[in-house]
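Each remark here refers to the structure printed beneath this line.
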Amino acid sequence: MDLKNLLNKEQFEAASTINGPLLILAGAGSGKTRVLTYRIAHMIKDHDIYPSQILAITFTNKAAKEMKERVKALVGDEAENMWVSTFHSSCVRILRREIDKIGYNKNFTIYDSADQKTLVNQCMKRVGINDKDITDREIIGKIGAQKDKLISAEQFKRENEKNFRLNKIAEVYLLYQKKLKENNALDFDDLIFKTVELFKKHKEVLEFYQRKFKFIMIDEYQDTNKAQYEFARLLAMEHKNICVVGDDDQTIYSWRGADIQNILNFEKDYSYAKVVKLEENYRSKGNILKAANGVIENNPHKVLKTLRTNDKDGEKIKIYRSYSDMEEAEFVANEIKRLIEKEERNYSDFAILYRTNAQSRLFEDIFIKRHMPYRIVGGLKFYDRKEIKDIMAYLKLICNPLDSVSLRRIINVPKRSIGDTTVDKIQVYADDMEECLYNSLLDIRTIPGLTSRSVTSIEKFTSMINSFIIKKDEITVSKLIKELLNKSGYIDELKKTNDLQDETRIENLQELVSAAVEFENNSEDKSLEAFLEKTALVADVDNYDEDANSIVMMTVHSAKGLEFPVVFMVGMENGIFPGTASLTNYLEMEESRRLAYVGITRAKEQLYMTSAQNRRVFGRSASYAESDFIMEIPKELKEIVNPFGVVKNINSNFNGKTNTYKANVFSTFTSRSTDEIVKKSNVVFDEPKLLEEKEATVGRKVKHPKFGIGTIVSITNKEGNTHLTIAFQNMGIKTFRIDMAPLQLI
């Protein structure tokens with residue numbers, strides 16, 4: 001394989017290095033998937049390495065599928081013998097073979113977030129926690145964080161016995177793990193946690209997989225947490241042929257356990273590691289890359305690298321500051337329409353990126369009014385819909401009768417005269433007899449205090465479930481779902497109503513059958529267990545359809561790994577992006593800046609960054625200063641646009657800071673000609689002036705002659721005087737009386 005003619009110099013160096021530890025620092029759009037693909041093909045074709053000896057880990061099913069298809073195109077069907085999957089999928093595959101060694105049955109259920117919440121709430125009641133004191137969300141977050149750090153329930157309890165609040169959470173964690181095991185179930189975080197536990201407790205299992213996987217490759221290494229890091233470390237310990245690919249500038253998941261030190265310390269963890277930097281970008285125009293570099297260079301904790309491209313500079317970054325959030329949405333819709341007409345673009349060329357999902361509403365409203373097609377990545381997922389979760393609960397129970405969470409969900413769905421009181425009585429009996437809930441249902445006539453009607457209904461229910469348990473290995477998953485929908489009465493219940501929503505629910509259930517058929521056509525393992533596993537591990541971004549002709553809306557976090565010709569980064573204001581927590585915490589600010597870098601580098605040809613002087617936040621009117629990240633882009637790379645997309649040339653005295661732009665000059669939309677707009681659009685950039693009390697708002701940037709540039713983080717009134725608390729970039733947090741401090745607007 002002639003790699004030298006297929007790759008650039010740095011890519012070739014990375015792809016041709018096979019043995020020993022290798023760190024590939026791959027900037028955004030630098031062709032890392034191409035490098036990984038050719039590296040694998042080179043290993044198989046030129047070094048006669050068996051595909052089954054290669055483990056390639058990615059972070060999404062979509063990326064794994066793409067990588068495997070590209071390798072297959074280069075080496076043929078041999079690629080089918082490789083393991084190319086996510087961390088979680090790889091761990092499930094190992095656990096299906098080995099989990100009995102740590103006390104679980106191999107037909108374990110994987111609980112989703114809703115199942116997890118149900119079980120945690122049951123445990124909270126048992127422990128005696130009022131959700132007004134400690135919420136289930138806090139407990140779930142705390143348990144997940146411990147598992148990411150490989151801290152067991154017992155260890156967490158020991159470490160927090162003197163802390164009342166954490167000790168109560170530890171009690172829930174202990175009971176929750178006990179209940180999971182009783183239900184023969186794992187939550188999402190358990191998949192890696194339990195695999196690491198398995199490796200550490202059973203040396204022979206670890207040695208088997210070390211022999212099997214002589215070559216390990218991990219993509220997006222900057223996003224790994226401690227559990228993922230330890231999983232990879234243990235597997236690579238024998239041969240040390242580990243190749244990791246990542247970009248410290250794209251570490252944006254610390255809030256869910258990702259540890260940037262994993263990539264920064266790779267050379268310490270693996271002595272004699274080779275490091276290759278991929279800095280040539282093949283995605284974005286020059287000005288977009290320069291803007292991204294201009295922002296990220298403000299982060300001190302980073303590996304020194306600079307994106308470059310041989311492509312043209314392209315258009316400047318377009319900056320728009322509206323009077324209101326509604327006007328911001330109007331502007332985006334107008335620009336999309338204008339570019340479609342002027343440049344003959346498709347709706348699918350456009351992406352709107354925001355910091356939080358809640359920001360999508362105004363854009364949805366205006367797209368609906370204007371009949372503009374759009375889709376949201378990160379909204380309600382298909383498998384999160386009630387009717388889908390109901391049928392999936394039936395399937396989980398059929399596969400694993402120990403799963404009491406799934407059982408309780410559907411025992412009276414559709415209604416069959418088995419109320420909560422009856423189920424609670426049976427649960428008490430099950431607890432006393434130390435057996436699972438389903439086994440107690442099978443002994444229903446021995447349980448006192450139940451009505452004959454309830455007993456009859458339960459016997460009909462268990463008879464139906466038993467018949468499906470027998471059938472599950474004899475018929476296809478799609479046929480099983482069809483029979484289940486009919487025999488359970490679920491479809492009949494929906495057909496009885498005239499509710500349009502119920503018609504939609506029926507359509508969704510038909511789509512579930514279609515999903516099962518697609519699974520049967522494309523999967524080697526066609527079992528019910530494999531289908532449940534596949535659906536449990538699906539991520540929302542895996543369903544992103546690049547060919548659908550509609551505007552895409554998503555958070556910047558969701559957009560990682562994607563690219564679009566035209567990107568609108570909206571809500572670019574201090575207090576929103578970056579969020580308020582970033583204004584007083586430099587580590588939070590560094591992560592927000594990395595997130596901005598990710599957003600900027602999603603754009604291939606054009607980038608818009610928009611903000612609003614006024615917006616509704618939690619029902620109240622709020623005013624935020626323009627984002628620091630816009631200010632950090634060099635002024636020669638930016639241009640101001642008005643509501644009609646007309647560019648206003650930047651004055652020579654423009655200092656690169658656009659938050660004084662008087663957007664309300666254009667607060668009314670009309671159909672005036674472009675010439676008339678240009679004549680009347682005298683955009684004003686004010687010279688620095690002293691801050692007045694009415695201008696002091698949280699998030700606003702100010703300048704102090706001694707302490708430099710800072711951000712207002714709080715405003716208080718003491719004895720009739722207004723005091724400002726300001727976080728300065730290099731001088732910490734200071735408090736001033738506004739009428740006595742020489743603070744300048746910037």
Side-chain angles (χ1 to χ4, degrees), residues 88-89 91-100 102-116 118-119 179-188 190-191 194 382-413 430 435-442 458 461-488 490 509 512-520 522-538:
H88 293 95
S89 295
C91 288
V92 168
R93 203 165 170 181
I94 292 169
L95 291 172
R96 288 287 179 210
R97 288 184 53 170
E98 315 283 357
I99 199 170
D100 56 322
I102 54 174
Y104 289 78
N105 295 333
K106 292 180 181 180
N107 65 333
F108 60 85
T109 301
I110 302 171
Y111 278 179
D112 62 17
S113 56
D115 298 327
Q116 186 181 24
T118 299
L119 191 56
K179 289 291 183 184
L180 277 174
K181 194 163 187 178
E182 287 175 0
N183 290 351
N184 194 37
L186 302 179
D187 65 22
F188 209 61
D190 272 331
L191 298 177
K194 290 295 179 184
F382 177 74
Y383 290 101
D384 282 347
R385 299 177 191 278
K386 179 188 179 300
E387 62 276 12
I388 302 300
K389 290 188 72 64
D390 286 344
I391 301 308
M392 294 302 290
Y394 271 105
L395 296 176
K396 288 177 185 178
L397 179 63
I398 292 165
C399 184
N400 173 25
L402 295 176
D403 183 359
S404 63
V405 170
S406 295
L407 171 56
R408 290 188 71 119
R409 180 183 181 99
I410 49 85
I411 193 169
N412 199 39
V413 177
E435 61 179 30
C436 75
L437 186 58
Y438 190 75
N439 281 348
S440 296
L441 292 181
L442 298 176
I458 288 168
F461 172 75
T462 53
S463 176
M464 176 185 69
I465 296 298
N466 286 340
S467 70
F468 285 125
I469 290 173
I470 294 168
K471 278 186 176 181
K472 78 177 179 68
D473 296 323
E474 300 173 356
I475 61 176
T476 63
V477 176
S478 58
K479 191 171 181 181
L480 180 67
I481 295 172
K482 286 179 184 176
E483 289 194 20
L484 179 59
L485 289 171
N486 291 322
K487 291 188 177 180
S488 68
Y490 202 98
L509 291 169
L512 179 62
V513 174
S514 299
V517 171
E518 183 180 340
F519 158 79
E520 291 155 8
N522 297 319
S523 299
E524 187 176 330
D525 183 352
K526 304 182 191 304
S527 66
L528 175 59
E529 289 88 344
F531 177 71
L532 291 172
E533 189 176 297
K534 176 182 178 293
T535 55
L537 297 177
V538 72

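Taking each heavy atom of D187 and Q116 in turn, the nearest pair found is OD2-NE2, 3.4 Å. Y438 approaches L397 most closely through the heavy-atom pair CD1-CD1, 4.4 Å. Taking every heavy atom of both residues into account, K194 and I102 meet most closely at O-CD1, 3.9 Å. Of all the heavy atoms in N400 and N184, the pair that sits closest is ND2-O, 3.1 Å. Across S478 and V517, no two heavy atoms sit closer than the pair CB-CG2, 3.7 Å. Across every non-hydrogen atom of V92 and I110, the tightest pair is CG2-CD1, 4.0 Å.
A 4.5 Å side-chain heavy-atom check between C399 and T109 finds every atom pair outside the cut-off. Residues F108 and E533 have side chains not in contact (no heavy-atom distance under 4.5 Å, counting atoms from C-beta outward). P401 has its side chain within reach of I469: a pair of non-hydrogen atoms, C-beta onward, lies under 4.5 Å apart.
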Determine, stepwise, if the pair I391 / I481 fulfils side-chain contact (heavy atoms from CB on, under 4.5 Å). CA-CA 8 Å; I391 301 308; I481 295 172; 4.2 Å; yes

Applying side-chain contact (heavy atoms from CB on, under 4.5 Å) to V477 and K526, what does each step give before you reach the verdict? CA-CA 8 Å; V477 176; K526 304 182 191 304; over 6 Å; no

Walk me through it: do K396 and D115 pass the test salt bridge (charged side-chain N to carboxylate O under 4.0 Å, His left out)? CA-CA 11 Å; K396 288 177 185 178; D115 298 327; 2.6 Å; yes

Applying side-chain contact (heavy atoms from CB on, under 4.5 Å) to Y490 and L484, what does each step give before you reach the verdict? CA-CA 8 Å; Y490 202 98; L484 179 59; over 6 Å; no

Please walk me through it: do L441 and I411 pass side-chain contact (heavy atoms from CB on, under 4.5 Å)? CA-CA 10 Å; L441 292 181; I411 193 169; 3.9 Å; yes

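Of the inter-residue distances, the one linking R408 atom CZ with I410 atom CD1 reads 12.0 Å to the nearest 0.5 angstrom. In this structure, the separation between OG on S440 and CD1 on I458 is 10.5 Å, given to the nearest 0.5 Å. Atoms CZ and CD1, on R385 and I388 in that order, are 8.0 Å from each other to the nearest 0.5 Å. Taken from CD1 in I470 to CD1 in I465, the straight-line distance is 12.0 Å, to the nearest 0.5 Å. Distance OH/Y111 to CG/L186: 10.0 Å, rounded to 0.5 Å. Separating the OG atom in S404 from the CD atom in E182 is a distance of 8.0 Å, to the nearest 0.5 Å.
Scored by the side chain to side chain donor-acceptor pair (under 3.5 Å) test, T535 finds no partners at all (sequence neighbours excluded). Taking the salt bridge (Lys or Arg N to Asp or Glu O under 4.0 Å) definition, one finds that E483 meets it with K471, K487, sequence neighbours left out. The salt bridge (Lys or Arg N to Asp or Glu O under 4.0 Å) search around K534 returns none, not counting sequence neighbours. In this structure, D403 has no salt bridge (Lys or Arg N to Asp or Glu O under 4.0 Å) partners at least two apart in sequence or on a different chain. Partners of Y394 according to the ring pair (Phe, Tyr, Trp, His ring centres under 6.0 Å) rule, which considers only residues two or more places apart in sequence or in another chain, do not exist here. E98 meets the salt bridge (Lys or Arg N to Asp or Glu O under 4.0 Å) test with K101; sequence neighbours excluded.
Between the side chains of D190 and Y104, not a single donor N or O lies within less than 3.5 Å of an accepting N or O. Donor-acceptor pairing under 3.5 Å is lacking for the side chains of S523 and D525.
Salt bridge annotation for K389-D112: present, with a cationic side-chain nitrogen under 4.0 angstrom from a carboxylate oxygen. K472 and E529 are joined by a salt bridge, as a carboxylate oxygen and a charged side-chain nitrogen come within less than 4.0 angstrom of each other.
Judged by distance alone, with hydrogens and angles left aside, the side-chain atoms of N522 form a donor-acceptor pair with the main-chain N or O of E518 at under 3.5 Å.
Atom NZ of K179 has more than 12 neighbouring heavy atoms from other residues, nucleotides or ligands inside a 6.0 Å radius. Atom NZ of K482 has 12 or fewer heavy atoms from other residues, nucleotides or ligands within 6.0 Å.
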